[in-house]
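Remarks on the structure that follows.
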Amino acid sequence: MPSRNAAQRTSAGEAWPGETLFSPAGTYLNTASYGLPPRPGWEALQAALADWHQGRTSWEPWGESTERARASWARIVGVGPERVAIGATVAGLIAFVAASLPDGSRVLAPDVEFTSLLFPFLAQAGRGVTVRTVPPRELAAAMDAGTDVVAFSAVQMSTGEVADLDAIVAAADAHGTMTICDATQACGWLPLDAGRLDVLVAAAYKWLLSPRGSAFMAVAPERLEAILPAAANWFAGEDVHASYFGPPLRLAGDARRLDTSPAWFSWVGTAPALELLEEVGVERIHAHDVGLANAFRAGLGLEPGHSAIVSVDLPDAEAPLAEEGIAAATRGGRLRTSWHLYNTEDDVARALAVLL
Ligand SMILES: Cc1ncc(COP(=O)(O)O)c(C=O)c1O
């Protein structure tokens with residue numbers, strides 16, 4: 001039987017890499033909730049689970065996936081691996097930064113921001129940290145000399161709105177504001193340069209096609225010292241395997257000092273997924289994903305956008321789509337579809353056939 005994606009070709013006529021690497025049961029338009037694993041990630045995970053089941057290996061090779069993944073993510077966001085800390089969740093990594101802000105710090109954030117970025121700052125209210133929120137597109141203009149931190153998503157999870165990074169970074173530079181960007185809904189399809197930001201954080205289980213439980217945070221070297229490694233542990237030690245027992249505290253000098261010890265199987269599935277994304281290339285994925293999103297928008301009579309996430313005013317569409325084997329979501333009372341490298345023009349046609 002020909003692959004359901006067999007019609008898909010790049011402009012150069014080669015087979016698009018999504019063709020053979022994924023196994024969606026139907027049309028999957030819900031990457032903003034979780035991404036599907038590519039075959040190399042899925043197979044690596046099955047092999048590790050089988051080894052675990054029978055006690056056939058030591059844990060060290062599973063741990064090594066973490067370093068492969070760190071190096072790959074660092075390349076994807078354009079910085080060295082020494083800037084990158086690993087953790088399990090966005091909130092868990094941002095908690096270190098929020099808890100290390102000086103008392104009374106003033107934070108600015110979008111009003112629709114996902115709470116894993118917002119709550120860690122709100123939780124610091126007891127020591128005078130305040131959070132002011134504005135609509136996402138007003139973020140740059142709302143910054144002033146009293147803004148210590150701006151915390152925002154590169155792409156909003158409910159609406160797909162892409163932040164104006166140039167304007168936000170320029171305003172932050174002008175006011176001496178620390179920039180903290182959550183790229184969970186961006187990394188994997190939107191080219192990003194972590195070197196422009198003080199902190200860039202991302203969970204890998206969506207557009208980075210990884211299991212739940214792996215996340216990254218790139219920290220500018222000049223910001224690292226002010227962040228307390230409150231979950232200091234053996235894996236964050238300067239020499240990991242000489243950090244098992246007893247004092248003194250002997251943490252890595254670079255961002256690895258903020259690592260939490262890895263949930264092994266998540267990382268086993270993460271490393272091959274990231275390497276695959278690198279191989280395909282984020283620029284190509286960007287063109288593919290936004291191209292499909294815009295074909296879908298055009299079919300609905302909407303102007304083209306810049307996002308791989310399309311949010312439309314169809315509050316009751318999720319169920320009829322599901323009946324036709326099309327997975328999408330409803331967020332903020334609107335239909336949210338997300339387009340990624342396993343999607344094709346056939347998927348656009350299938351979704352439109354239900355909606356029109
Ligand atoms: C923008 C954004 N950040 C973070 C997360 C996940 O956060 P956490 O890893 O803390 O569960 C999500 C999940 O939907 C998200 O959309």
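We count ligands from 1, going down the list as the structure has it; atoms in each ligand are counted the same way.
For T89, heavy-atom contacts with ligand 1 shorter than 4.0 Å involve the backbone as well as the side chain. Counting heavy atoms under 4.0 Å from ligand 1, residue F152 does not touch it at all.
Using a 4.0 Å heavy-atom cutoff, K206 is listed among the residues neighbouring ligand 1.
Every atom of ligand 1 is numbered from 1 in the order shown, and the set under 4.0 Å from a heavy atom of S153 is 1 (C). Below 4.0 Å from some heavy atom of M157 lie the following atoms of ligand 1, by number and element: 14 (O), 16 (O).
Scanning the protein for heavy atoms near atom 16 (O) of ligand 1, the closest one is Q185 NE2, 2.9 Å. Among all non-hydrogen protein atoms, the one lying nearest atom 7 (O) of ligand 1 is S116 OG, 3.1 Å. Here the heavy atom of the protein found nearest to atom 15 (C) of ligand 1 is F114 CD2, 3.6 Å.
A salt bridge between R350 and E324 is absent, with no side-chain N of the basic residue lying under 4.0 Å from a carboxylate O of the acidic one. Comment: R256 does not engage E82 in a salt bridge, judged by the lack of any side-chain N to carboxylate O separation of less than 4.0 angstrom. For E161 and R137, the salt-bridge test passes: some basic side-chain N is under 4.0 Å from an acidic carboxylate O. With respect to the salt-bridge test (charged N to carboxylate O, under 4.0 angstrom), the residues D144 and R106 do not qualify. Taking 4.0 Å as the cut-off between side-chain N and carboxylate O, D259 and R70 count as a salt-bridged pair.
The ring-ring contact (aromatic ring centres under 6.0 Å, His included) test with F265 singles out one residue from W52, W59, W42, and that residue is W52.
Remark: ligand 1 and A91 share an N or O pair separated by less than 3.5 Å (distance only, no angle test). In terms of polar-atom proximity, defined here as any N/O pair under 3.5 Å, D182 does make such a contact with ligand 1. Considering backbone and side-chain atoms together, R212 places an N or O closer than 3.5 Å to an N or O of ligand 1. When only interatomic distances are considered, the shortest N/O to N/O separation between V90 and ligand 1 falls below 3.5 Å.
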Show, in sequence, the C-alpha distance, side-chain angles and deciding distance for F121 and I180, and conclude whether the side-chain contact (heavy atoms from CB on, under 4.5 Å) test is met. CA-CA 11 Å; F121 297 103; I180 301 179; 3.7 Å; yes
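With no hydrogens or angles considered, a side-chain donor-acceptor pair links S311 and R334 at under 3.5 Å.
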